[in-house]
Amino acid sequence: MRLAELAGSHAEGIVQIAESAINELLARAAGDGTSPTIELRPRNEVLVRYGVVHARAELPAAIEAGPSPRLTLRLASVLVAMGLKAVVRQPYIHIHGRFLTIALADVPALHPWRDGWRHVKQIRFATAPGALRVGVAVAIAPGSTGAEESR
Amino acid sequence: MKDWLEGQLAAGFPALAGTTVSGTVAVNQELLNELLTTWLANPAQNASGAAPAVDMSRLTPLIKSARIRAEPGTVLIDFHIAI
């Protein structure tokens with residue numbers, strides 16, 4: 001079924017993801033016990049621990065939606081940014097200054113939902129005690145051709 | 001990922017506690033007729049009651065309200081989900 005066949009559909013809401021669940025998924029993705037862990041702090045601050053390295057970053061309040069959304073984190077330390085730039089090899093991660101940008105549509109783990117990004121109208125982030133709140137608005141516009149979607 | 005999702009589904013999605021989503025699913029008559037044609041074309045499969053990919057009975061408690069209405073050419077399903 002193509003999403004375009006559901007033209008006129010829409011949904012809005014808050015998806016609240018527990019910090020423990022994010023860390024469990026990170027561990028499963030790494031599969032070898034070397035994954036980073038995160039700690040969510042007030043005012044959209046995220047502390048990332050990876051071995052002895054601790055890095056603070058700030059989540060944006062919102063990201064621009066569209067077929068190729070990008071999530072840009074503001075790193076607290078330029079030195080950490082420089083260190084990351086030297087070691088990060090994933091083509092969907094770009095580091096510029098103290099900003100780290102992830103091209104969400106190009107992340108392999110998110111490829112199953114690649115065709116759905118253009119229907120996402122808004123994504124907002126807010127940290128809460130022990131959880132990340134993601135505000136999402138989705139709408140499938142009448143007239144969507146869905147030409148690039150597969151059955 | 002799949003077994004994580006299955007575990008969450010069985011436990012009522014504790015990792016997503018606090019989630020609320022509202023919306024409307026619009027299904028046009030062409031899609032409904034296509035689904036009906038497919039269903040009628042596979043009587044053996046339909047009679048065997050093949051298990052769906054998701055056990056809907058586990059999702060039902062998450063649906064706090066639902067309403068079906070119709071407009072010309074379209075069936076609209078309004079829903080509110082809370083975990």
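Note on naming: letters A, B, ... go to the chains in the order of the sequence lines (proteins, then strands), and numbering restarts at 1 for each one.
Going from atom CD of Glu12(A) over to atom OG1 of Thr20(B) covers 10.5 Å, rounded to the nearest 0.5 Å. Note that CG of Leu16(B) and CD1 of Ile17(A) are 6.5 Å apart. Values are rounded to the nearest 0.5 Å. Put simply, CD on Gln16(A) and OG1 on Thr19(B) are 6.5 Å apart, with the number rounded to the nearest 0.5 Å. Here the straight-line distance linking atom CH2 of Trp4(B) with atom CD of Glu24(A) works out to 7.0 Å at 0.5 Å rounding.
Ile63(B) is not connected to Leu76(B) by any chain of hydrophobic side-chain contacts under 4.5 Å among Ile, Leu, Val, Met, Phe, Trp and Tyr, and they are in different clusters. Under the 4.5 Å side-chain heavy-atom criterion for grouping Ile, Leu, Val, Met, Phe, Trp and Tyr, Ile77(B) is connected to Leu32(B) within one hydrophobic cluster. Following chains of ILVMFWY side-chain contacts shorter than 4.5 Å, one cannot reach Phe99(A) starting from Met82(A), and the two form parts of different hydrophobic clusters. Residues Ile140(A) and Val75(B) share a single hydrophobic cluster, defined by chaining ILVMFWY side chains whose heavy atoms lie under 4.5 Å apart.
The minimum heavy-atom distance between Ala15(B) and Ala21(A), with the atom names listed, is CB-CB, 3.4 Å. The shortest non-hydrogen separation linking Ala7(A) to Ala26(B) is O-CB, 3.5 Å. When all heavy atoms of Ala11(A) and Val21(B) are compared, the pair lying nearest together is CB-CG1, 4.2 Å.
Contact annotation for Glu19(A): neither backbone nor side-chain heavy atoms come within less than 4.5 Å of a heavy atom of chain B. Only the side chain of Phe79(B) comes within less than 4.5 Å of a heavy atom of chain A; its backbone N, CA, C and O stay farther away.
For Glu64(A), the CD atom is loosely surrounded, since the number of other residues' heavy atoms within 6.0 Å does not exceed 12. Taking a 6.0 Å sphere around CZ of Arg43(A), one finds it holds 12 or fewer heavy atoms contributed by other residues, nucleotides or ligands. Environment of CZ in Arg98(A): crowded, with over 12 heavy atoms of neighbouring residues, nucleotides or ligands closer than 6.0 Å.
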I'd like to know whether Leu6(A) forms a side-chain contact (heavy atoms from CB on, under 4.5 Å) with Leu31(B), so could you lay out the CA-CA distance, the side-chain angles of the two residues, the decisive distance to 0.1 Å, and finally the verdict.
CA-CA 8 Å; Leu6(A) 300 175; Leu31(B) 176 58; 3.7 Å; yes
